[in-house]
Amino acid sequence: MATTPEPSTTTPEPATTLWAEGSLDKAIAENEKLKEKIDGLKQHYAPIGIRVYEALKDSAFHTFESYVARQAVLEGGDIGMVEKLAQHPDDPDYALNNLVD
């Protein structure tokens, strides 16, 4: 005959909280340090981002101007200007710099 051992009673350990361990204070302090670091990085890199934005904006505007100039030549109906434009396929600014006012 087999007997089953009596169940052992274990008392659960009391739940610990972040506040009781001091981890919450550490996390808040670390969070503040990280916020300061992020603010420093923003101040350091913001001027670079602004310069990159300005360069891209100017480049996009110039590209659009060149496109509009090419379209004006193509839609203008002057075959001589269209032929000149066709002779410079690798120069996207040719129409802007040489063919339109």
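As a basis for the values below, the full set of heavy atoms in this structure was taken, side chains included, without hydrogen atoms, waters or symmetry mates.
Val73 and Val82 get closest at one heavy-atom pair: O-CG2, 3.7 Å. The minimum heavy-atom distance between Pro92 and Ser66, with the atom names listed, is O-CB, 3.4 Å.
Between atom CG of residue Leu96 and atom NE2 of residue His62 there is a gap of 5.5 Å, rounded to the nearest 0.5 Å. Rounded to the nearest 0.5 angstrom, Ile50 CD1 and Tyr45 OH are separated by 15.0 Å. Here His88 contributes atom NE2 and Leu99 contributes atom CG; the two are 8.5 Å apart, rounded to the nearest 0.5 Å. To the nearest 0.5 Å, the span separating CD on Glu65 from CG on Asp93 amounts to 9.5 Å. Note that CG of Leu56 and CZ of Arg51 are 13.0 Å apart. Values are rounded to the nearest 0.5 Å. Taken to the nearest 0.5 Å, the NE2 atom of His44 stands 12.5 Å off from the NZ atom of Lys37.
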Lys35 vs Asn31, test: side-chain contact (heavy atoms from CB on, under 4.5 Å). Steps then yes/no. CA-CA 6 Å; Lys35 284 181 182 179; Asn31 190 33; 3.7 Å; yes
Residue pair Asn98, Lys84: steps toward the side-chain contact (heavy atoms from CB on, under 4.5 Å) verdict: CA-CA 9 Å; Asn98 300 294; Lys84 286 180 185 178; over 6 Å; no
Assess whether side-chain contact (heavy atoms from CB on, under 4.5 Å) is satisfied between Gln87 and Tyr94, documenting all intermediate values. CA-CA 10 Å; Gln87 292 172 355; Tyr94 184 78; over 6 Å; no
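Residue-environment remark: CD (Glu54) exceeds the threshold of 12 foreign heavy atoms within 6.0 Å.
Using a 4.5 Å cut-off between side-chain heavy atoms of Ile, Leu, Val, Met, Phe, Trp and Tyr, with links allowed through other members, Leu41 and Ile48 fall into the same hydrophobic cluster. Hydrophobic clustering places Val100 together with Leu74 (ILVMFWY residues linked when any side-chain heavy atoms are closer than 4.5 Å, directly or through intermediates).
In this structure the side chain of Met81 never reaches within 4.5 angstrom of the side chain of Leu85, judged on heavy atoms.
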